Protein chains: 2
Amino acid sequence: MIDVKTLCLGVLSRGDASGYEIRKEFEEGPLSHFSDAGFGSIYPALKRLLDDGQIVMLPHNGDGRPDKKLYRITPSGRHALYQSLIKTPSADKLRSDLMFILSFGHLLPPRHLDRIIGDRISDYRQMIATLEVEGSTAHRTPGERFVEGMGLAIYRAVAGYLEEHRHELVAAALMESQVA
Amino acid sequence: MIDVKTLCLGVLSRGDASGYEIRKEFEEGPLSHFSDAGFGSIYPALKRLLDDGQIVMLPHNGDGRPDKKLYRITPSGRHALYQSLIKTPSADKLRSDLMFILSFGHLLPPRHLDRIIGDRISDYRQMIATLEVEGSTAHRTPGERFVEGMGLAIYRAVAGYLEEHRHELVAAALMESQVA
DNA sequence: GTATGCATGTAATTAGTTACATGATTCT
DNA sequence: AGAATCATGTAACTAATTACATGCATAC
C-alpha cells in the first residue's frame with residue numbers, strides 16, 4: 001500500500017501546500033474517497049520528506065499569518081512519486097464495520113438493524129448529492145474526474161444495494177427474533 | 001474500526017475453528033470482501049482472547065494430526081461480540097492504490113495506463129465469476145448472503161466503471177504525451 | 001522430488017492513531 | 001462571547017505487517 005509520504009508528494013505535485021491544506025485534500029478532494037491521512041501522519045511524513053530532500057519549505061509567504069509553512073516538491077520528490085506511480089498497484093481494500101455487523105444481521109434486534117442500515121443509506125445519499133454538485137462546479141484534471149466518477153459509481157452501487165435488500169435482512173431478523 | 005480480536009470472535013461464533021481456519025475465512029468467505037487479517041495478527045489476537053477468557057482451547061481433537069488447536073467461543077466472548085455488534089459502526093473505508101495512481105493517470109505513459117486498468121478489470125471479472133458460482137452453491141446465513149451480495153454489487157460497479165471510462169483516461173494521457 | 005496446502009507461532013519493524021498542547025483569526 | 005476554522009506539532013500508545021522459523025501430509 002502507498003504510504004503517507006507518497007500521498008503527500010502526490011498532493012504537492014499539483015502545487016505548493018501546507019500540512020493543513022494537504023489534510024483538507026484527503027478530507028474533501030477527489031483523493032478523499034480512496035485515501036486517508038490525518039495530521040498525526042502528515043506532519044511526520046512531511047518532516048521525513050524534508051530530510052530526504054524530496055520537498056523544500058518555502059520561507060514564510062508574508063500573507064499576514066506567520067505560522068503557515070508552505071511546502072514545495074523538488075525534482076527528487078517528483079522522481080520518487082513517479083517511481084511509486086508506475087509500480088504495480090496493490091489490490092483495493094475495502095474495510096467496512098457495517099458489513100461485518102450485517103453478516104450477523106439476522107441475529108440483531110430488527111429495529112436496530114433497520115436503523116443502522118437506514119442511517120448508512122442517508123450518509124451515502126448525502127455524499128452522492130455533494131459529489132453531484134461538485135462534479136459540475138469544481139475543475140478537475142482528467143485523472144481527478146475519473147477518480148471522482150469512480151467514487152460516485154461505488155457510492156451509488158452501495159446505496160442502491162442497501163435500499164433494495166434492506167427489507168430482506170430485516171425480515172430474516174424478525175423471523176429469528178420470533179423463534180427465540 | 002473493529003479489531004482483529006472481534007473479527008476472530010465473529011468467526012468463532014459460527015463454530016469452532018483453528019487459527020488457520022479463521023484466516024481462510026478472511027481469505028475466502030463472505031467476510032473476506034470487507035475485512036482482512038493475516039496470521040501475524042490472528043495468532044496474537046487468539047492468545048489475548050484466551051487470556052481474557054473469551055475463548056477456550058479444545059484439547060486436541062484426535063484426527064490424526066496433533067498440532068491443530070481448535071478454539072471455541074465462551075459466553076463471555078459472545079457477550080463481547082454482541083457489544084461490538086451493537087456499537088455504531090464507523091464509516092466504510094476504501095483504500096485503493098490504483099485510484100491514487102489514476103488520479104495522475106493523464107500524466108502516465110498511455111500504454112502502461114491502459115495495461116494497469118485492463119489488469120484490474122480482469123481481476124474484478126474473475127472475482128465476480130467466482131462469487132456468482134459460490135452464491136448458488138455454498139450455503140450461507142441471511143447475513144452472509146446479504147454481505148456477499150453487496151460485495152458482488154460493488155465489484156460489478158467498479159468493473160463496469162473501469163470498462164466504460166477507461167478509454168477517456170487513456171485518451172487524455174495520449175494527448176498529454178503528444179504535448180510533452 | 002517438488003510444490004502446495006496444512007499448521008503454528010515469535011520477533012523486529014513500521015506505521016498509524018489518539019491524545020495532548022498551543023494559539024491566532026474569522027464568523028455569527 | 002463563543003464557535004468554527006486555520007495552523008502546527010509531539011509523545012505515547014496500539015496495531016499491523018513482514019520476516020523469520022519449523023515441520024508434516026498430500027498431490028502431481
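Below, read A as the first sequence line, B as the second, and so on, with proteins coming before strands; counting in each chain starts at 1. On a predicted model such as this, the values are computed, not experimentally measured, just so you know.
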request  = Could you check how far CD1 of B/Ile42 sits from C1' of D/dA15, rounded to whole Å?
outcome  = 14 Å

key: Rounded interatomic separation in angstrom, taking CD from A/Glu28 and C1' from D/dT5   = 11 Å

query = Hey, which of these two, B/Leu46 or A/Arg48, hits DNA chain C nearer its 5' end, going by closest nucleotide?
reply = B/Leu46

inquiry  = Could you check whether any side-chain heavy atom of A/Thr130 comes within less than 4.5 Å of a side-chain heavy atom of A/Met127, counting everything from C-beta outward?
reply    = no

ask   = Which nucleotide in the set C/dC6, D/dT8, C/dA15 lies at the smallest distance from any side-chain heavy atom of A/Tyr20?
value = D/dT8

task = Name the closest nucleotide to the B/Lys24 side chain, picking from C/dG9, C/dC6, C/dG16.
result = C/dC6

task = When you get a sec, tell me which of D/dA16, C/dA7, C/dG9 is the closest nucleotide to the side chain of B/Ser41?
result = D/dA16

key: Gap separating the OG1 atom of A/Thr141 from the CD atom of A/Glu148, nearest 0.5 angstrom   = 10.0 Å

message = Just to be sure I understand the rule, does A/Arg23 reach a base, reach only the sugar-phosphate, or reach nothing, if contact means heavy atoms closer than 4.0 Å?
response = nothing

query = Roughly how far, to the nearest 0.5 Å, is the CD1 atom of A/Ile117 from the NE2 atom of A/His167?
reply = 11.0 Å

ask   = Can any side-chain N or O of B/Glu21 pair as donor or acceptor with the backbone N or O of B/Ser18 at less than 3.5 Å?
value = yes

inquiry  = From CG of B/Leu7 over to P of D/dA15, roughly how many Å is that when rounded to an integer?
reply    = 13 Å

task = Could you check how far CZ of B/Phe26 sits from P of D/dA16, rounded to whole Å?
result = 11 Å

Rounded interatomic separation in angstrom, taking CD from B/Glu25 and P from C/dA7 = 14 Å

key: Lys/Arg cation over aromatic A/Phe104: B/Arg14, 6.0 Å, 45° cone   = yes

ask   = Under 4.0 Å between a side-chain N or O of A/Ser18 and OP1 or OP2 of D/dC6?
value = no

message = If only side-chain N and O atoms count, and only distance matters, is there a donor-acceptor pair under 3.5 Å linking A/Ser122 with A/Asp119?
response = no

message = In this structure, how many angstroms lie between the P atom of C/dG5 and the NZ atom of B/Lys68, rounded?
response = 17 Å

note = Result for 5'-nearest mapping on DNA chain C, choosing between A/Ala37 and B/Glu21, is B/Glu21

inquiry  = Rounded to whole Å, please give me the gap between CZ in A/Arg95 and P in D/dA15.
reply    = 12 Å

query = Nearest-Å distance, CD1 (B/Ile2) to C1' (D/dA15)?
reply = 15 Å

message = To the nearest 0.5 Å, what is the distance between CD1 on A/Ile22 and OH on A/Tyr43?
response = 8.5 Å

Tabulated below should be each protein N or O lying under 3.5 Å from an N or O of nucleotides 10-14 of chain C; please produce it.
residue: C/dT10; atom: OP1; partner: B/Lys47; partner atom: NZ; Å: 2.9
residue: C/dT10; atom: OP2; partner: B/Lys47; partner atom: NZ; Å: 3.3

